[in-house]
Amino acid sequence: MAGPLVGVDSSSAILRGARSRQPEGNYVQGSVDSLTFRNNTARAVFCLGVLGHLNRTQIPAALSDIHRVLESGGESLLSFAKTQSLFSKR
């Protein structure tokens with residue numbers, strides 16, 4: 001699955017950190033429930049540990065927008081879990 005990779009985050013601090021670790025990457029400040037990409041332009045979407053941070057009213061919009069940007073036959077990998085909760089003893 002070759003092609004340009006784009007990182008999206010709502011936090012400018014997270015994007016600065018990503019740029020410092022991978023300066024050759026492409027990074028966009030935004031939100032998963034209102035992506036700024038054109039329809040049918042992504043071969044794949046990886047959304048890991050993000051959906052668990054949204055409130056219930058944002059999740060349908062996020063899933064709809066991921067579907068909107070995926071090209072026909074595109075693939076997505078989604079995780080609803082918050083990363084830190086994977087290791088919680090609760």
S.K.: Do Ile66 and Val32 come within less than 4.5 Å of each other through their side chains, counting heavy atoms only?
M.R.: yes

S.K.: Side chains of Phe46 and Leu78: closer than 4.5 Å at any heavy-atom pair?
M.R.: no

S.K.: In Å and rounded to the nearest 0.5 Å, what is the CZ to CD distance from Arg16 to Gln29?
M.R.: 9.0 Å

S.K.: First locate atom CG of Leu5, then atom CG of Asn26, and finally report the distance between them rounded to the nearest 0.5 Å.
M.R.: 8.0 Å

S.K.: Taking side chain as C-beta onward, heavy atoms only, is Gln22 less than 4.5 Å from Tyr27?
M.R.: yes

S.K.: Heavy-atom distance under 4.5 Å between the side chains of Leu70 and Val45, does that happen here?
M.R.: yes

S.K.: State, yes or no, whether a side-chain contact exists between Phe37 and Val6 at a heavy-atom distance under 4.5 Å.
M.R.: yes

S.K.: Please name all residues satisfying side chain to side chain donor-acceptor pair (under 3.5 Å) with Ser10, sequence neighbours left out, ordered by chain then number.
M.R.: none

S.K.: Please tell me if the side chains of Val28 and Asp9 come closer than 4.5 Å, counting only heavy atoms from C-beta onward.
M.R.: no

S.K.: What's the separation between atom CD1 in Ile59 and atom NE2 in His53, rounded to the nearest 0.5 Å?
M.R.: 11.5 Å

S.K.: State whether the side chain of Gln58 and the backbone N or O of Asn55 hold a donor-acceptor pair below 3.5 Å, judged by distance alone.
M.R.: yes

S.K.: Under a single-linkage definition using a 4.5 Å side-chain heavy-atom cutoff for Ile, Leu, Val, Met, Phe, Trp and Tyr, are Ile14 and Leu51 assigned to the same hydrophobic cluster?
M.R.: no

S.K.: The criterion is salt bridge (Lys or Arg N to Asp or Glu O under 4.0 Å); which residues satisfy it with Arg68, sequence neighbours excluded?
M.R.: Asp65

S.K.: Using the rule that Ile, Leu, Val, Met, Phe, Trp and Tyr join whenever any side-chain heavy atoms are under 4.5 Å apart, tell me whether Leu54 and Val8 fall into a single cluster.
M.R.: yes

